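Keep in mind that this is a model prediction, so the values were computed, not measured. Letters A, B, ... mirror the listed sequences (proteins, then strands); counts begin at 1.
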Amino acid sequence: MALDSLQDVGDDALMVLYANGDQTAAQSLALRHSARMMGLAYRMLNDQTEAEDIAQEALMRLWKIAPDWRQGEAKVSTWLYRVVSNMCTDRLRRKRGAALDDIPEPEDDAPSAEETLQQQARFSKLHTALNALPERQKLAVSLRHIDELSNPEIADVMEISVEAVESLTSRGRRALAKILAAEKDQLGYTT
Amino acid sequence: MKNDELDMNHLDALFAQERDALPVVSDAFLARVLTDAQNAHEKPARPQPRLQWYQKLLAAGEWPSMAALTACAVFGLYIGYSSSAGMVLGIESEIAQDEGYEMDNSFGETTLFDVAFLENAS
């Protein structure tokens, strides 16, 4: 993978450089943020291809906004997290609609229950537990404990109050602890 | 710690593990993203602002057309003003000929002013 040749340059400055036609600035921004955006999208949607699509689309929006980017107003990372969160929420809602109306009847060559279990086993226990949480809790917990955003930053991303973030992350953590309690042995946490 | 919950330290360890396992960004993905960046830069992000009427005029005929338009506008204003002024004067003179003015004498001789004047005088 290519290296970030402008690693000492801040995101805001990279946005200006890109807006002025410097493609290496785009490369640096992509290298810095793609993995985290993809990680969040993957945790939310559980689909690698969709996660890549979303990360690509989020960056596309970043390129488009670059000429109008106001330095110091928002962090590039927070802005990207917000775009990715909103896109994931939209896709989850669409899927939920499809789940109710459009899911076809199972066919004979559909994956067997055993295959499905195998497929599920590929996901980490944490992923499985995260996916059992309500959408907003999952997002808040991911941003707080995996992406390590501060509560005010999460409030900005999710467009809610800091108190609401605290409530979501606290309930999410407790719910995860309960879900994972049954997996203690498999996780190797016997005490 | 409750028996039906995972220790929070263990949960934090799972989060840390997840944090360290960031997805690998493939070269193919990076290539797609950079192609997008190139394309987005080549196309203007915003539609060009619409030209103002005077900019269009300047673009069409440079300053002579602008000067001609200004001269026509000033001349038109002058004609309009001069003929309307004459018309107003003409109307006023016609009214003056048709009607006379009379002093309003309805207060008579016992207005308050007159009484006060008489009192001061005496």
Original post:
Quick one: do L17(A) and I65(A) end up in the same hydrophobic cluster if we chain Ile, Leu, Val, Met, Phe, Trp and Tyr together by side-chain heavy atoms under 4.5 Å apart?
Top reply: yes
Original post:
D53(A) versus chain B, heavy atoms under 4.5 Å apart: side chain, backbone, both or neither?
Top reply: neither
Original post:
When only heavy atoms count and the cut-off is under 4.5 Å, which of residues 135-146 of chain A reach chain B?
Top reply: V141(A), H145(A), I146(A)
Subject >> W63(A) side chain reached by H41(B) side chain, heavy atoms, under 4.5 Å >> reply: no
Subject >> Hydrophobic cluster identity match, V16(A) and V9(A), side-chain contacts under 4.5 Å >> reply: no
Original post:
If we only count heavy atoms from C-beta on, is the P23(B) to Y42(A) side-chain gap below 4.5 Å?
Top reply: no
Subject >> With sequence neighbours excluded, residues passing side chain to side chain contact (heavy atoms under 4.5 Å, CB included) with A35(A) >> reply: L22(B), V25(B)
Original post:
For L31(A) and L30(B), which heavy atoms make the closest approach, and how far apart are they?
Top reply: CD2-CD2, 3.8 Å
Original post:
So which of A19(A), A30(A), A182(A) has the biggest tally of heavy-atom pairs under 4.5 Å with chain B?
Top reply: A19(A)
**OP:** Work out which heavy atom in A37(B) is nearest to a heavy atom in Y18(A); give both atom names and the distance.
**Re:** O-OH, 2.5 Å
Subject >> Heavy-atom neighbours of Q17(B) CD exceed 12 at 6.0 Å >> reply: no
Original post:
Which bit of L11(B) comes within less than 4.5 Å of chain A, counting heavy atoms only: side chain, backbone, both or neither?
Top reply: side chain
Subject >> Closest non-hydrogen atom pair between R173(A) and F15(B), with its separation >> reply: NH1-CE1, 3.8 Å
Subject >> S150(A): side chain to side chain contact (heavy atoms under 4.5 Å, CB included) partners, not counting sequence neighbours >> reply: P152(A), E153(A)
Original post:
Which residues satisfy the side chain to side chain contact (heavy atoms under 4.5 Å, CB included) test with A129(A), sequence neighbours excluded?
Top reply: L176(A), I179(A), L180(A)
Original post:
What is the minimum heavy-atom distance between R174(A) and M8(B), and which atoms define it?
Top reply: CA-CE, 4.2 Å
**OP:** Kindly work out whether a path of hydrophobic side-chain contacts (I/L/V/M/F/W/Y, heavy atoms less than 4.5 Å apart) joins I160(A) to L92(A).
**Re:** yes
**OP:** May I ask you to say whether D36(B) pairs ionically with K64(A), meaning some side-chain N is under 4.0 Å from a carboxylate O?
**Re:** no
**OP:** Give, as side chain, backbone, both or neither, the part of D12(B) having an atom under 4.5 angstrom from any heavy atom of chain A.
**Re:** side chain
**OP:** Indicate the atoms forming the closest heavy-atom contact of L34(B) with Q23(A), along with that distance.
**Re:** O-OE1, 4.0 Å
